[in-house]
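See structure below.
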Protein chains: 2
Amino acid sequence: MPRHPSTSRFAILGALEWEGPLSGYHIRAWIKGSVSHFWSESFGQVYPTLERLHSERLIEPAHTEQGPRRATIWRITAAGRAALAAWLRTPAAPPTPRLEWLLKCMLSHHDPIATAAHVNGVQHAAESQLRALHAAAELVTQQEHDPRRRAHALLTIAAGRLAAEARLAWVAEARRTLELDTESEAPSDARRASKPRTTP
Amino acid sequence: MPRHPSTSRFAILGALEWEGPLSGYHIRAWIKGSVSHFWSESFGQVYPTLERLHSERLIEPAHTEQGPRRATIWRITAAGRAALAAWLRTPAAPPTPRLEWLLKCMLSHHDPIATAAHVNGVQHAAESQLRALHAAAELVTQQEHDPRRRAHALLTIAAGRLAAEARLAWVAEARRTLELDTESEAPSDARRASKPRTTP
DNA sequence: CGCGGCATATATCTGAATGATATATTGGGA
DNA sequence: TCCCAATATATCATTCAGATATATGCCGCG
């Protein structure tokens, strides 16, 4: 995934610009809570990157809590803002695709049962993502009052929604072209035990 | 992306099962040429993984070209087929999202020009992907005669098409909600030079 | 009151993966 | 003939995820 320059650097700068000063822990919490539908960072990436950004003067400690609950709160500097703005004016690198579910669907051409399970998995994942995105959109609408920030945040949610709906459309097409034991539409009730969970 | 067990292993086994015996070079060429819309591998991953698969008896050399054009042609073994089938019956791990274009769109809320550039970039990428997928679908239709292999291959292409169309729908929604200098629809002719390429 | 569990907070390591670079050789086209 | 693209493999630095380790404060439950 890495085409040399780290993108984590800019995600972290972006978190600090969007939310104001934060600790490493809360940077990661924001990414996990607010932009998880299109971005992710791990702690193993956040803390070393903060050190590096600090040594480059792109962030600075706003203050450090002493005592047992010690935490460094980081603030973006003017240089950091400039670096972020420069990166934002740069075209986005195309993602290197790695969609395990599609690889499995293609290679399962021998095995209709496995294929059906993957199609069901895609459906369930897309449905639960749609529910999560709906909740996220409500939250943004209630809490974000700046019109531009709100519009941009809602647009990222819309992107997730459209992508999830596209996956549901694909599920329908898959069930149509292959002829699968659908196990969707759930006509009435309890033949639940028919799909045992495979524990990998 | 790596949740410890390497997925490259199975992509390579899958290539050998789908296409028959291949050299490392041609495994990579197949991935780049036939499944690039949902998978990718680098040489730096292919060759060490082949060694590992060989040491585990999941693949074996079909024969080795001597002389200057030396190349090891690898074949999947019965054990390899079994390992692949077991993996295929396992639910796909959810992808860890990292969509640089969405991160940039969200963080560009200050900068309508950068935002418009990213929206245009998404549009152009989606359009060129749709053209590529159209060509890929024609190729599969002409060359793949086994009905199940053909159906599964076309389904992966359909997934790419639906995702690209969803991105185009997002572009339209973005242009509607933000109010952007669109530079799309191209009503007549030559004001082409208005978008200088930024060289990063 | 004590204790367990959860949130806060940071550090570190392994293994996976990309993309670049290096090194050969062969065949075809200008 | 000469150069470039394709064939073919190997290796390296860097990025990144995810697991694990280590503290502590706070809250509720019995």
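All values reported here derive from a predicted model rather than from experimental measurement. Order of the sequence lines fixes the chain letters, A, B, ..., with proteins taken first and strands second; residue numbering starts at 1 for each chain.
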Original post:
Over how many whole Å does the gap from B/H54 atom NE2 to D/dA10 atom P extend?
Top reply: 13 Å

Original post:
For B/P97 and B/G24, take the nucleotide of DNA chain D holding the closest heavy atom to each; which residue's nucleotide lies nearer the 5' end?
Top reply: B/G24

Original post:
Which heavy-atom pair separates B/W170 from B/L102 by the least distance, and what is that distance?
Top reply: CZ2-CD2, 4.3 Å

Original post:
Given atom CZ of A/F43 and atom P of C/dA7, what is their separation to the nearest angstrom?
Top reply: 12 Å

Original post:
Taking CG from B/L50 and P from C/dA17, how many angstroms apart are they, rounded to a whole number?
Top reply: 14 Å

Original post:
Counting side-chain heavy atoms from C-beta on, which of C/dA9, C/dT18, D/dC16 comes nearest to A/H26?
Top reply: C/dA9

**OP:** Measure from CH2 on B/W39 to C1' on C/dA17 and round the result to the nearest Å.
**Re:** 11 Å

Subject >> Pair A/R167, A/Q129: side-chain N/O donor-acceptor within cut-off below 3.5 Å >> reply: yes

**OP:** Report yes if a side-chain nitrogen or oxygen of A/S8 is closer than 4.0 Å to either non-bridging phosphate oxygen (OP1 or OP2) of D/dT15; otherwise report no.
**Re:** no

Original post:
Tell me: CD1 of B/I31 to P of C/dG19, nearest whole Å?
Top reply: 14 Å

Original post:
Can you tell me if the side-chain N/O atoms of A/Y25 get under 4.0 Å from OP1 or OP2 in C/dT8?
Top reply: yes

**OP:** Could you state the atom-to-atom distance from CD1 of B/I27 to P of D/dT7 in whole Å?
**Re:** 14 Å

Original post:
Is B/Q45 near enough to C/dT18 that one of its side-chain N or O atoms lies under 4.0 angstrom from OP1 or OP2?
Top reply: no

Original post:
Can you tell which of D/dA8, C/dA9, D/dA17 lies closest to the side chain of A/S23?
Top reply: C/dA9

Original post:
Within the structure, does a side-chain N or O atom of A/T7 lie under 4.0 Å from either OP1 or OP2 of D/dC16?
Top reply: yes

**OP:** Quick one: closest heavy-atom pair of B/S8 and A/R98, and the distance?
**Re:** OG-NH2, 2.9 Å

Original post:
Do A/H118 and A/T115 have side-chain N/O donor and acceptor atoms under 3.5 Å apart?
Top reply: no

Original post:
Is the phosphate of C/dA11, meaning OP1 or OP2, less than 4.0 Å from a side-chain N or O of A/Y47?
Top reply: no

Original post:
Could you give the NZ-to-C1' distance, from B/K32 to D/dA8, as a whole number of Å?
Top reply: 15 Å

Subject >> Protein-nucleotide distance (B/R28, atom CZ; C/dA17, atom C1'), rounded to Å >> reply: 12 Å

Original post:
Side-chain N or O of A/R9 less than 4.0 angstrom from OP1 or OP2 on D/dT15?
Top reply: no

Original post:
Quick one: is D/dC16 close enough that its OP1 or OP2 comes under 4.0 Å of any side-chain N or O from A/S6?
Top reply: yes

Original post:
Taking OP1 and OP2 of D/dT15, is either one under 4.0 Å from a side-chain nitrogen or oxygen of B/R98?
Top reply: no

**OP:** Answer yes if the side chains of B/Q123 and B/R175 hold a donor-acceptor pair under 3.5 Å, and no otherwise.
**Re:** yes

